[in-house]
Structure formats: C-alpha cells, structure tokens
Amino acid sequence: MVEAGTQTSGSVDPCPPPAARTGCDLVTVPARQGLEAVDILRRGTGEAVGPVLHDDGGDTLGFVVPAGTAEGWDVPGSTCTGTDGRGLRLAPEPPVEGSDWLLPPDEADPATDPAVLRRALGEAARLIAAADSCC
C-alpha cells in the first residue's frame, strides 16, 4: 500500500474547483490507524476531510489527496500511490473492485490536505500506541 513521512507544503490546494480536478493520489493506511485519523479529522477545528475508501476485508483505508502528493509522501506505515497523470475519477462507485466508500465523494470535500492528514495519522499512531501499552 502507501508509505508516508515527508512534510508536505501547504501550498497545494486540497480543494480545487471541479473543473481543475485533473486527478488525485491515494494515501493507504492500516484500517485501525485510518479510522482513528478519520475521527480526528472530523472532530477537528474545521479541517477538511476528503473521500475515504475502505477495502472489503477491512484491512486498509485510503484517503484521497491532491495529485502530486505521492512525490513527497514518506509517513511510516502508510503508502501514497500517485496516478501518474491518469487521474483517479471520483464517482459514486468505488474506483477499485473490492472496496467501498467510508466517506463518499458527494459527502466529503474534494481531497484531504496532506499536511492535515499527516498530523492526524501521527496523532492516531500515538493514541493507538498508548492504548496498546496501557494494559
């Protein structure tokens, strides 16, 4: 799936207008960390969360991020897959067989800001580590 870790510049507009959407990348994380990150993002102070995919096996979540994010993504435990200019089309039907939308495109912002996602994934990892070590 996707690996992440590098800081992403805040200059990438995570919510381009529909006409400007030429594609997006997909950050994939283990489901437990991803679900925690979704909760963190949705409870946050107005930070946008874009569409989120989950696989039918329940092993991973995929966050839609702006195209070009994969070039600098290096967050441990995650992977960022670029579309290489092909563009991932966001439709009501999931783009990958064997997956479904946790947050469908019509109920979410166009994409999650990579810097915001990076912080949420880091916080989620710390929460999970603390929960796993407390007992």
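For clarity, every value in this text was computed on a predicted model and none was experimentally measured.
The side-chain heavy atoms of W101 and L53, taken from C-beta on, include a pair separated by under 4.5 Å.
At least one donor-acceptor pair under 3.5 Å links the side chain of Q33 to the backbone N or O of L121.
For the atom pair CG of L26 and CZ of F63, the computed distance is 9.5 Å after rounding to the nearest 0.5 Å. Note: I40 CD1 to R42 CZ = 13.5 Å, rounded to the nearest 0.5 Å. Note: T28 OG1 to D59 CG = 12.0 Å, rounded to the nearest 0.5 Å. Atom CG of D25 sits about 8.0 Å away from atom CD of E71, to the nearest 0.5 Å. One finds the CG atom of L117 at 9.0 Å from the OG1 atom of T69 (value rounded to the nearest 0.5 Å). The CZ atom of R32 lies 13.0 Å from the CG atom of L61; values are rounded to the nearest 0.5 Å.
Summarising the geometry of A31 relative to G58, their closest heavy-atom pair is CB-O, 3.1 Å, with the distance given to 0.1 Å. For the residue pair L102 and H54, the shortest heavy atom distance occurs at N-CD2, 3.8 Å. Of all non-hydrogen atoms in A70 and G82, the two that sit nearest each other are CB-N, 3.6 Å. The two residues A37 and A124 have their closest heavy-atom pair at N-CB, 3.9 Å. For the pair P30 and G77, the tightest heavy-atom approach, listed with the atom from each and the gap, is CD-O, 3.2 Å. Contact between P51 and P110 at its shortest, heavy atoms only, is CD-O, 3.5 Å.
Residue V49 forms a side chain to side chain contact (heavy atoms under 4.5 Å, CB included) with just one option from L103, D109, V64, and that option is L103.
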